[in-house]
Peer 1: 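There's a structure below that I have some questions on.
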Amino acid sequence: MPQGSQLQAKKTEKVEKAPRGKAKKDPKAPKRPLSAYMFFSQDWRERVKAENPDAGFGEVGKLLGAKWKELNEEEKKPYLDQAAKDKQRAEDEKAAYEGGKGQGSGGDDEDDE
């Protein structure tokens with residue numbers, strides 16, 4: 001029966017040799033757009049922390065979530081507008097990034113045609 005255990009060891013070896021890590025992100029890649037809630041969060045986090053000084057990080061997050069749910073559409077509008085602008089910015093940057101990425105030489109010379 002040693003052959004069976006050797007076979008099992010080889011299978012285990014193969015699995016251990018093929019770990020998949022996260023692909024490294026290009027530091028020049030454009031940032032993803034923020035959601036309306038994230039803009040709201042950035043705006044209100046300090047206020048919520050000031051009103052609840054003993055609240056931890058998780059509690060502040062819960063309070064922010066509850067406050068966001070209380071807002072009506074008119075109150076959310078500025079944050080929704082910011083999110084729409086940021087989404088457009090991200091799409092423009094992504095298009096420029098992917099357009100420059102496929103040129104082969106990696107140079108920034110866009111006039112060379």
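Computed from a predicted model, the values in this text were never measured in an experiment.
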Peer 1: Answer yes or no: is there an ion pair linking Asp86 with Arg89, defined by an N-O contact shorter than 4.0 Å?
Peer 2: yes

Peer 1: Pairs of donor and acceptor atoms involving the side chains of residues 43-51, under 3.5 Å and at least two apart or interchain, shall be tabulated with distances.
Peer 2:
unit_1	atom_1	unit_2	atom_2	d
Asp43	OD1	Arg47	NH2	3.1
Asp43	OD2	Arg47	NH2	3.4
Asp43	OD2	Tyr79	OH	2.6
Trp44	NE1	Tyr79	OH	3.1

Peer 1: Could you tell me whether Lys77 and Asp81 have a side-chain N and a carboxylate O separated by less than 4.0 Å?
Peer 2: yes

Peer 1: Using the rule that Ile, Leu, Val, Met, Phe, Trp and Tyr join whenever any side-chain heavy atoms are under 4.5 Å apart, tell me whether Leu71 and Val60 fall into a single cluster.
Peer 2: yes

Peer 1: Answer whether the closest heavy-atom distance between the side chains of Tyr37 and Lys76 falls below 4.5 Å.
Peer 2: no

Peer 1: Show your working on side-chain contact (heavy atoms from CB on, under 4.5 Å) between Lys67 and Phe40 and close with a plain yes or no.
Peer 2: CA-CA 10 Å; Lys67 178 71 176 163; Phe40 165 80; 3.5 Å; yes

Peer 1: Nearest 0.5 Å, please: how far is OG in Ser35 from NZ in Lys87?
Peer 2: 11.5 Å

Peer 1: Given side chains that start at C-beta, do those of Glu73 and Leu80 come closer than 4.5 Å, heavy atoms only?
Peer 2: yes

Peer 1: Using modelled atom types and a 3.5 Å cut-off, is there a donor and acceptor pairing between side-chain atoms of Asn72 and backbone atoms of Glu75?
Peer 2: yes

Peer 1: Side chain of Asp26, backbone of Lys28: donor and acceptor closer than 3.5 Å?
Peer 2: yes

